[in-house]
Amino acid sequence: QVQLVESGGGLGQAGGSLTLSCKASDLIFSLYGMAWFRQGPGKEREIVAAISRSGLNSHSADSVKDRFTLSRDSTENTLYLQMNNLKPEDTAVYYCAARFDPLGDSVPLEDYNYRYWGQGTQVTVSS
């Protein structure tokens, strides 16, 4: 079955950078839309950014639009999130998610659209 493994989380400083990776296996990567969600302490899970299976359509939350960059590498079956100008408010567990989308090229923002999930990686940003 589809597996997603996140890496790259850890401790960052405000104003600094981190890169998260999500390695996907046991799937045809080009048929799956991908997304990053996060859940901060005492908060609900929220969308960070999503990208369609082709990579031509994408969405970023307003809180990260000017700071985070989402990309996918078809040769490595890997989703990336480049996080720049980190803020303490970015502290959260970050989850990689995937959805089978063979006939479309959409970027839904609700978590129930995504069937497959990684276990999450902790990002902590100090002030």
Side-chain angles (χ1 to χ4, degrees):
Q1 63 181 28
V2 174
Q3 291 187 322
L4 306 173
V5 180
E6 301 102 332
S7 62
L11 179 64
Q13 293 186 331
S17 299
L18 286 172
T19 300
L20 304 184
S21 300
C22 172
K23 177 70 174 180
S25 60
D26 200 19
L27 81 172
I28 301 176
F29 192 60
S30 63
L31 299 183
Y32 287 76
M34 306 291 294
W36 288 98
F37 291 82
R38 68 185 182 186
Q39 187 167 21
K43 299 180 180 179
E44 296 182 351
R45 187 163 59 191
E46 64 179 2
I47 186 70
V48 178
I51 189 166
S52 69
R53 67 180 186 87
S54 73
L56 297 177
N57 300 303
S58 63
H59 169 86
S60 297
D62 289 342
S63 60
V64 307
K65 278 184 177 178
D66 298 326
R67 301 184 295 119
F68 294 4
T69 301
L70 183 67
S71 62
R72 58 190 295 161
D73 186 338
S74 61
T75 66
E76 298 289 339
N77 281 17
T78 301
L79 180 74
Y80 297 98
L81 185 68
Q82 177 64 50
M83 308 166 65
N84 296 322
N85 192 23
L86 288 165
K87 300 178 179 180
E89 300 84 70
D90 297 320
T91 296
V93 178
Y94 284 70
Y95 296 93
C96 177
R99 61 184 296 270
F100 187 51
D101 191 24
L103 302 179
D105 202 36
S106 61
V107 284
L109 307 182
E110 298 296 327
D111 57 3
Y112 61 76
N113 290 285
Y114 295 84
R115 175 178 292 182
Y116 305 102
W117 292 80
Q119 292 187 337
T121 184
Q122 176 71 48
V123 171
T124 302
V125 181
S126 62
S127 61

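By convention here, the first residue in the shown sequence is residue 1.
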Worksheet item: By ring-ring contact (aromatic ring centres under 6.0 Å, His included), which residues pair with Y116, not counting sequence neighbours?
Response: none
Other members of the hydrophobic cluster containing [X], with the 4.5 Å side-chain heavy-atom rule, please.
X: I47; value: F37, V93, Y95, L109, Y114, W117
X: L11; value: none
X: V107; value: none

For [X], enumerate each residue passing the side-chain hydrogen bond (donor to acceptor under 3.5 Å, both in side chains) test, keeping only those at least two apart in sequence or located in another chain.
X: N84; value: S17, Q82
X: R45; value: D111
X: D26; value: none
X: T75; value: D73

Less than 3.5 Å apart, which donor and acceptor atoms pair up between the side chains of residues 27-36 and the rest of the protein, not counting sequence neighbours?
none

Worksheet entry | Pairs where residues 4-13 contributes a residue and the test side chain to side chain donor-acceptor pair (under 3.5 Å) is met, not counting sequence neighbours | none
Item to complete: For D66, enumerate each residue passing the salt bridge (Lys or Arg N to Asp or Glu O under 4.0 Å) test, keeping only those at least two apart in sequence or located in another chain.
Response: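 With neighbours one apart ignored, the set is empty.
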Worksheet item: So how far is it from F100 CZ to N113 CG, rounded to the nearest 0.5 Å?
Response: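 Nearest 0.5 Å value for the CZ-CG distance: 15.0 Å.
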Discussion item. I'd like to check the side chain to side chain contact (heavy atoms under 4.5 Å, CB included) partners of S54; sequence neighbours left out, ordered by chain and number.
Written reply: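 Testing S54 for side chain to side chain contact (heavy atoms under 4.5 Å, CB included), a comparison that skips the adjacent residues, returns S52, L56, D105.
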